[in-house]
Amino acid sequence: MTATTNIPFLDLVSPHVELEGEILPVIQTALRTAGFVGGPLVEGFERDFAQYCQTQYCVGVASGTDAVRFALIASGVKPGDLVVTVPNTFIATTEAITQAGATPVFVDIDEHTYNLDPARLRDYLEVHCRVDGATGQPRDRKLDRPVTAIVPVHLYGQTADMDSIQELAARFGLLVVEDACQAHGAEYFSRRENAWKKAGSLGRAAGFSFYPGKNLGACGEGGAVTTNDEQVARRVRMLRDHGQAQKYYHDMEGYNGRLDAIQAGILQLKLRHLDRWNDARRACARRYRDLLAGQPDVTLPFEPFWAKAVHHLYVIRTDDRVGLMRHLAEAKIGTAIHYPIPLHLQKAYGHLAYHQGDFPVAEKLASQIVSLPMFPQLRADQQEIVAQELLGFLVGLRQSSESRSYAACV
Ligand SMILES: *Cc1c(COP(=O)(O)O)cnc(C)c1O
């Protein structure tokens with residue numbers, strides 16, 4: 001163990017020191033024009049981010065939670081609806097569903113990609129729902145309520161299998177809203193369209209977060225909705241601004257959910273660095289793979305041929321998560337768990353009456369996952385130390401279990 005190592009889980013200071021010379025003039029521009037809310041900085045960023053995501057429209061909002069909520073409401077999710085998503089995501093996904101007036105319904109994840117499992121989704125729609133004769137829409141048999149939307153989450157920076165999800169959505173008349181809050185710049189190869197497509201352009205609408213730790217992060221809070229649907233974009237613009245298109249003429253009640261102009265200006269300049277940062281994350285992921293591949297006691301992230309991940313997080317699996325995290329903490333290496341308790345077992349969702357065992361893949365994953373340090377400025381020598389400590393821990397684990405079984409024999 002090297003006493004001098006200190007490898008943070010995430011370094012948010014270095015990129016901002018590096019960009020200080022670009023960021024300060026943005027703040028100055030806002031100060032000198034008093035353009036704090038809306039205006040050219042927000043519009044400029046919206047234009048650039050729409051182009052980046054290969055969508056017609058982008059509407060800046062105050063957070064990722066607002067983005068997913070507004071995208072759902074604007075796409076037509078109504079109070080009383082059921083919206084399908086996964087149990088292994090940040091609670092903001094389901095908060096957005098509930099705050100749109102709907103109720104989340106969970107479907108288990110794929111054991112390898114950790115994203116929504118299309119086979120489980122099909123099973124839910126075919127077995128646990130019946131088609132409503134009047135509307136043609138699926139109705140949950142037990143809850144007796146209509147299922148209207150799916151929110152696939154592109155977790156850890158890798159897209160869900162969108163072709164399969166879209167196929168089911170089309171068959172059952174469901175709308176798809178992406179939670180792209182961890183997937184700025186991630187790509188998906190659509191076999192239907194024979195083309196690589198950007199996260200944020202794969203559903204009716206998508207929500208992005210610009211929370212500081214995301215791949216594209218503000219120096220504060222921020223979010224955006226991307227869409228190719230003009231109506232949806234128009235509705236999100238109204239929802240973020242008290243339901244008005246014209247000042248003090250309110251077509252509906254909305255929210256105070258606007259993107260701050262200073263944040264928009266900072267995001268616009270940071271966007272120019274995003275591909276470089278995502279490439280650096282990919283290089284880090286490749287290096288972890290080279291250093292850790294072939295170990296029996298650790299499962300590395302799986303990237304299917306149809307995904308180009310942007311590695312928002314680098315998540316491995318091991319049976320002795322507690323021991324590994326303690327060992328790495330002693331070596332001054334930061335780790336985290338995303339996420340320790342699947343949403344269906346959270347106290348906040350007790351009223352949904354799910355139980356342990358309902359989503360075995362998500363539950364097993366939650367007990368094994370550890371997120372290793374991952375950020376664009378992470379250096380090769382730091383990764384080597386992480387790998388060395390991790391492998392050292394695993395070897396120790398094997399030796400102690402071997403000596404235990406030896407002791408049991410004699
Ligand atoms: C960060 C995140 C959100 C919420 O974003 P905020 O900007 O913090 O509101 C939603 N979903 C997922 C998957 C996230 O990681």
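As the structure lists them, so they are numbered: ligands from 1, and atoms in each ligand from 1.
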Are any of the N or O atoms of V153 closer than 3.5 Å to those of ligand 1?
no
K214 near ligand 1, heavy-atom distance under 4.0 Å?
yes
Looking only at side chains, do D229 and Y57 share a donor and an acceptor under 3.5 Å apart?
no
Heteroatom distance test (D179, ligand 1): nitrogen or oxygen, under 3.5 angstrom
yes
Closest approach of any protein heavy atom to atom 4 (C) of ligand 1, naming residue and atom:
A92 CB, 3.5 Å
Would you verify whether the NZ or CZ of R317 falls within 45 degrees of the ring axis of Y114 while also being under 6.0 Å from that six-membered ring's centre?
no
Could you list which atoms of ligand 1 come closer than 4.0 Å to a heavy atom of T93?
11 (N)
Taking atom 8 (O) of ligand 1 as the reference point, the nearest protein heavy atom with its distance
S209 OG, 4.0 Å
Between G185 and N278 the two heavy atoms that sit nearest each other are CA-ND2, 4.1 Å
Residue S63 vicinity, atoms of ligand 1 by number, heavy atom under 4.0 Å
7 (O), 9 (O)
Would you mind running through ligand 1 and noting each atom that sits below 4.0 Å from a heavy atom of G64?
5 (O), 6 (P), 7 (O), 9 (O)
Provide the number and element of each atom of ligand 1 under 4.0 Å from a heavy atom of T89.
13 (C)
R282 with D279: basic N within carboxylate O range, under 4.0 Å
yes
For C181, which part has a heavy atom under 4.0 Å from ligand 1: side chain, backbone, both, or neither?
side chain
L390 versus L324: any side-chain heavy-atom pair under 4.5 Å?
yes
For the residue pair F106 and Y349, categorise the inter-ring angle as parallel (less than 30°), tilted (30 to 60°) or perpendicular (more than 60°).
perpendicular
For the ring pair F208 and Y52, is the centre-to-centre distance below 6.0 Å?
no
If the threshold is 4.0 Å, N to carboxylate O, is there a salt bridge linking D117 and R122?
no
Contact check: T65 vs ligand 1, nitrogen or oxygen atoms, below 3.5 angstrom:
yes
